[in-house]
Number of protein chains: 2
Amino acid sequence: MSWATGAAYKDGRIMPVPEATIPVTEWGYRRSDVTYDVVSVWGGAFFRLADHISRFRASMQTFRLTPRETDEDIRSILHELVRRTGLREAYVAMDCLRNRPPPGTRLHPANATCTLLAFAVPYVWLMPRETIERGVHLIISSTPRIPEICLDPRAKNFHWADMTRSLFEAEEKGADNPVLLDLDGNVTEGPGFNVFAVTNGVVATPDRGVLEGITRLSVIELCGKLDIPCEIRPVPADELRQADEIFISSTAGGVMGVTRLDRRVLGNDRPGPLTERMREAYWRFRKEGWHADPVTYDLAA
Amino acid sequence: MSWATGAAYKDGRIMPVPEATIPVTEWGYRRSDVTYDVVSVWGGAFFRLADHISRFRASMQTFRLTPRETDEDIRSILHELVRRTGLREAYVAMDCLRNRPPPGTRLHPANATCTLLAFAVPYVWLMPRETIERGVHLIISSTPRIPEICLDPRAKNFHWADMTRSLFEAEEKGADNPVLLDLDGNVTEGPGFNVFAVTNGVVATPDRGVLEGITRLSVIELCGKLDIPCEIRPVPADELRQADEIFISSTAGGVMGVTRLDRRVLGNDRPGPLTERMREAYWRFRKEGWHADPVTYDLAA
């Protein structure tokens, strides 16, 4: 069989992705008691793999999930998965989920072991390439993001009901994607991406209520390299509504320009100049090997 | 092989429970884009099966999940699962989860089909029988419940991170279980149960921010039968703290008395008289066939 469609890891074994399954009784599914991370491979190299693994470990600690694999094990597993597929552009996910406590023990999460699952598949774009080219159409969702006090958004999780509901609202309004506000009316994030507002040449992105995205971090670093001022602070919805430019960032797509927000058309309905500069810089730096961790495809080499 | 440990249903087929698995890539797991319900079988009969199926259907509609099975199909499947196991006391779960959109379509939930999964296993008690006998020890969690405006708690879901975190807090404080408040400081619910406060012979239970439990409904109906006044309205945390008695309700355990809340010992550290009356009535009515839907174990009969 061909591994080109993907490879997965579970319980010490590499297997085809469809064989990587979760019993219906496990709490990783049944209580969404799970954390995850996603890293990309582009041009045959992981991007910021160490950053992703250390964020993944921090998320596991937040949720008190402890797999038997060490960080070094995880790094080896992810490299082996990509090597096995031969993919030069890949989307690589790692999950740590809680099992059901064994029979005869009290039904408490402290009594359960955890399982590491990982898989590498061909690179996934958050949105179709044509959508990214023409510019993303966003709405501000009427559903607020689950608040930080209930669930720490820095620990990556599958609690996506607010996102899913917002995705349906975006669809109904003819948009591509939603952005969610917090309960105070500040911008948070969208399903799988961070948000940036550009006003008078200054980039602003929310400091709280959001996943601290690795691509977001890369944008913040690129702002430094390109001498673009970048502010990490609360971003009120109105600031986003009145921004000169908006762009979003994601492991699944990098930097993507936004051309519509609700009924407003930004610029000339094309991604703005600072956005394009950022997008170009992001892919150029990656091509040049910035934060790259190359995959060794031919073990005999 | 023996079916006595359980039987599961997926894609038109009955199988042993360990074979009922979910691919790691499905959104029912990966986005917790799933709803569920749980019904009990006691003395060979389902309890309020029609109520559970109609709540399950309402939950599916809230989340826009559509399996191919009708309500009548679901009823037949659940009966067949219990018949297959031969269990006279069973815990019967039904899930409807969203699959990943097929390759080549946009990654939007509207493009995905849904799968019905169900399983019957030996009856599960929310807490060990000894804990229920001595009375449950609760804490008020410092983590608030995910608010209604983000996620409708009437649509049963696996967004349990707030519950899981609270379970760890309860464990650390030497208690059995947590109860969570809403952002305004009113009582909501605990992991898998509704909460009732008894003050001067009057029962009160929250009207919002909670799952409308079927056992909760049964308690409300039993209050009517037993001439006990019952109020369904916001219950401030202080009312619970100062209550004469507290009890909880769940499909996994029925009516259970609470004897401690944080540092307070209620009554004489034994479930209170109204609580005991309610618990006795609950099991007596069930034994007498109240809302019962008997399982036909021997199809030849």
Side-chain angles (χ1 to χ4, degrees), chain A residues 6 8 10 17-34 36 63-64 93 95 97-98 106-110 117 119 121 124-128 131 143-147 149-152 155 157-165 167-168 170-171 176 180 183 191 252, chain B residues 6 8 10 17-34 36 63-64 93 95 97-98 106-110 117 119 121 124-128 131 143-147 149-152 155 157-165 167-168 170-171 176 180 183 191 252:
Chain A
K10 190 181 178 185
V17 177
E19 287 178 26
T21 62
I22 297 149
V24 68
T25 46
E26 301 300 358
W27 285 4
Y29 162 68
R30 232 160 170 79
R31 298 183 168 196
S32 203
D33 194 357
V34 50
Y36 77 113
F63 294 131
R64 307 203 204 187
D95 304 354
L97 60 118
R98 202 180 312 277
R106 197 162 67 91
L107 288 175
H108 191 283
L117 255 162
F119 62 90
V121 292
V124 172
W125 292 90
L126 186 70
M127 280 170 275
T131 305
T143 300
R145 185 86 179 97
I146 294 172
I149 192 174
C150 301
L151 175 57
D152 184 350
N157 63 75
F158 292 148
H159 284 54
W160 266 51
D162 51 352
M163 298 291 191
T164 299
R165 188 163 147 190
L167 278 163
F168 278 111
E171 177 97 343
D176 302 310
L180 282 71
L183 295 173
Chain B
K10 190 181 178 185
V17 177
E19 288 178 25
T21 62
I22 296 147
V24 68
T25 46
E26 300 300 359
W27 285 4
Y29 163 67
R30 234 164 167 75
R31 298 182 169 197
S32 203
D33 194 357
V34 48
Y36 75 113
F63 294 130
R64 308 205 204 187
D95 302 354
L97 60 119
R98 201 180 313 276
R106 197 162 68 89
L107 288 175
H108 191 283
L117 255 161
F119 61 91
V121 292
V124 172
W125 292 90
L126 185 70
M127 279 169 278
T131 305
T143 301
R145 186 87 178 97
I146 295 171
I149 192 175
C150 302
L151 175 57
D152 184 351
N157 62 76
F158 291 148
H159 284 53
W160 266 50
D162 50 352
M163 298 290 192
T164 298
R165 188 163 146 189
L167 278 163
F168 278 110
E171 177 96 345
D176 302 310
L180 281 70
L183 295 174

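By convention in this document, chain letters (A, B, ...) are assigned in the order of the sequence lines, proteins followed by strands, and residues within each chain are numbered from 1. Model, not experiment: these values are computed from the prediction.
Of the listed residues (B/Asp33, B/Asn157, B/Leu107), the one with the most heavy-atom contacts under 4.5 Å to chain A is B/Asp33. When B/Ile22, B/Val17, B/Val24 are compared by the number of non-hydrogen pairs under 4.5 Å with chain A, B/Ile22 comes out ahead. The residue among B/Lys10, B/Arg165, B/Arg98, B/Met127 with the most heavy atom pairs within less than 4.5 Å of chain A is B/Arg98. Chain A forms the most heavy-atom pairs under 4.5 Å with one residue out of B/Thr164, B/Thr143, B/Leu151, and that residue is B/Thr164. Annotation: maximal heavy-atom pairing with chain A below 4.5 Å, among B/Ala170, B/Pro191, B/Pro23, B/Ala93, occurs at B/Pro23.
Contact of the B/Thr25 side chain with the A/Val121 side chain is not registered, since no non-hydrogen atoms from C-beta on lie closer than 4.5 Å. Within the 4.5 Å cutoff, the side chain of B/Asp95 has heavy atoms near those of the A/Tyr29 side chain.
The parts of A/Ile146 that come within reach of chain B are both its backbone and its side chain, each placing non-hydrogen atoms under 4.5 angstrom from that chain. For A/His159, the parts lying near chain B are the backbone and the side chain together; criterion is any non-hydrogen pair under 4.5 Å. No part of B/Leu180 comes within reach of chain A, as not one of its non-hydrogen atoms sits under 4.5 angstrom from that chain. Heavy atoms closer than 4.5 Å to chain A are found in both the backbone and the side chain of B/Arg30. Using a 4.5 Å cut-off between heavy atoms, B/Trp27 does not touch chain A at all. With a 4.5 Å cut-off on non-hydrogen atoms, B/Leu167 touches chain A through its backbone and its side chain both.
Cation-pi geometry between B/Arg64 and A/Phe168 is met: the NZ or CZ atom falls under 6.0 Å from the ring centre, inside 45° of the normal.
With sequence neighbours left out, the salt bridge (Lys or Arg N to Asp or Glu O under 4.0 Å) criterion links A/Arg31 to no other residue. Every side chain to side chain contact (heavy atoms under 4.5 Å, CB included) that B/Pro128 has, sequence neighbours left out, goes to A/Arg106, B/Glu130, B/Thr131.
To the nearest 0.5 Å, atoms CG (A/Asp162) and CD1 (B/Ile149) are separated by 11.5 Å. For the atom pair CZ (A/Phe158) and OG (B/Ser32), the distance works out to 9.5 Å, reported to the nearest 0.5 Å. Rounding to the nearest 0.5 Å places CD of A/Glu26 at 11.0 Å from OG1 of B/Thr21.
Closest heavy-atom contact between A/Cys150 and B/Arg145: SG-O, 3.5 Å.
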